[in-house]
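Working notes, beginning with the structure itself.
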Protein chains: 2
Amino acid sequence: MLKFSKKADYALLALQYMAMVQYGINAVPRVVNTKEIAEEHNIPLELLAKVLQTLARHQLIESHHNGPKGGYVLGREPKDITIAQVLESIEGPLGLTDCSQEKYQSTCDQMARCNIRTPLLKIQDSVLQLLNGMSIEDMMVDESPFVIIESVKPEGVSS
Amino acid sequence: MLKFSKKADYALLALQYMAMVQYGINAVPRVVNTKEIAEEHNIPLELLAKVLQTLARHQLIESHHNGPKGGYVLGREPKDITIAQVLESIEGPLGLTDCSQEKYQSTCDQMARCNIRTPLLKIQDSVLQLLNGMSIEDMMVDESPFVIIESVKPEGVSS
DNA sequence: TCTAGTCAAGAGTATTTTGGTCGGAGACTA
DNA sequence: TAGTCTCCGACCAAAATACTCTTGACTAGA
């Protein structure tokens, strides 16, 4: 419940990676291709390809060109790519319930006596605000890829 | 994306209805049965039955007894039933990503180089806080079903 | 005690969504 | 211009979800 889809996960992962390559500390900006990201993160190449295509279509990234040395770059600065935009590109308009999209409202035969629509929209609003307030930049937690989370390891390795 | 499942919708609808019957203005508290709710809201009887069973198993509602005049009542006051509890009963533990549940962490082969886990958990936390802060009572917005929320509109959300 | 109304629980089916695959078309390099 | 390498869009399979059916147990009231 409330789970991101794999595609959304992959998208965030990829964007974060690209952001690090282009804007990270000591970064040497360059074009990155699908294969590189897929191998880096161990995700199915073809699926990631599709995800990136979608992101490109929504201008979050730009396909540099085809052929050898082709690839993608971010379409804007990391701080200008919000989590909400990413999710929306991948999954279509966000909404806790169908009736938050106007075009579906007519199909809901309980609109009239639906008392939960309003409070639901309120929740949804807050969630959206949250997702809109967070960008790829916020995911660029410096360089260290290895952050030991103590809950993984049984005994106090953290020190 | 981020959508509630139908079952979750039905659960909220049912709880809100029961709350109105028991605690609403001028309410005459009584037991309500599955059929009544299903007809009231036009949802498949059998499916709703299963949803209510689940809620009962989680003590959010109580089955009054079998047989004629049987039915359900709320297990506690509306303000003590949070949205998060409802969702969790229906859909199991909530979490934006698998690795928020400890038992799945080991199965994720990219834990080591996963840079998005931490920020994702942060988002998730906020969402959960939101859902925990809202209860069935908040859904008892007296009788008027149509309240237009202006914040849905694109402009000036944050104001 | 018999009947009808109700909750309880399981298995089974259909439909939608999601994850993943394939075969090209275009573009660059040599 | 041949040979790669890349993006791209249509396609397929598997999984999750929504919904149904059947059976059973229990209770109130005739």
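Naming: A, B, ... by sequence-line order, numbering from 1 per chain.
Atom NE2 of B:His64 has 12 or fewer neighbouring heavy atoms from other residues, nucleotides or ligands inside a 6.0 Å radius.
At distances below 3.5 Å, not a single donor-acceptor pair connects side-chain atoms of A:Gln85 with backbone N or O atoms of A:Leu60.
In this structure, B:Asn33 reaches the C:dT6 phosphate: one of its side-chain N or O atoms is under 4.0 Å from OP1 or OP2. Under 4.0 angstrom from either OP1 or OP2 of D:dT6 there lies no side-chain N or O belonging to A:Thr34. Between A:Ser63 and the phosphate of D:dT6, there is no side-chain N or O to OP1/OP2 separation shorter than 4.0 Å. Checking the phosphate oxygens (OP1, OP2) of D:dC8, a side-chain nitrogen or oxygen of A:Tyr72 falls inside 4.0 Å.
For the residue pair B:Tyr17 and B:Glu36, a side-chain donor N or O sits within less than 3.5 Å of a side-chain acceptor on the partner.
Atoms NZ (B:Lys6) and C1' (D:dT20) sit 15 Å apart, rounded to a whole Å. When rounded to the nearest whole Å, the span between NZ of B:Lys3 and C1' of C:dT18 equals 13 Å. Note: CG (B:Asp9) to P (D:dA18) measures 9 Å, nearest angstrom. Put simply, CG on A:Leu45 is 11 Å from C1' on C:dG20, counting in whole angstrom units. At whole-Å resolution of the value, OH in B:Tyr10 and C1' in D:dT20 are 13 Å apart. Rounding to whole angstrom units, CD1 of residue A:Ile43 and P of C:dG19 are separated by 12 Å. Residue A:Leu48 contributes atom CG, which lies 16 Å from atom C1' of C:dT18 at whole-angstrom precision. Atom NZ in B:Lys50 sits about 10 Å away from atom P in C:dG10, given to the nearest Å.
The only option from A:Ile37, A:Ile81, A:Leu55 that meets the side chain to side chain contact (heavy atoms under 4.5 Å, CB included) definition with A:Met18 turns out to be A:Ile37.
Distances were taken from every side-chain heavy atom of B:His65 (C-beta onward) to each of C:dA9, C:dG20, D:dT27; the shortest belongs to D:dT27. Here the side chain of A:Ser5 is nearest to one of D:dC19, C:dT18, C:dT6, namely C:dT18. In this structure, the nucleotide among C:dT6, C:dA9, D:dC19 sitting nearest to the side chain of B:Leu47 is D:dC19. Among D:dC8, D:dC21, D:dC19, the nucleotide with an atom closest to any side-chain atom of A:Ala56 is D:dC8. The nucleotide whose nearest atom lies closest to any side-chain atom of B:Glu46 is, among D:dC21, C:dT6, C:dG20, D:dC21.
Scanning both residues, A:Pro29 and A:Gln22, for their nearest heavy atoms gives CG-O, 3.6 Å.
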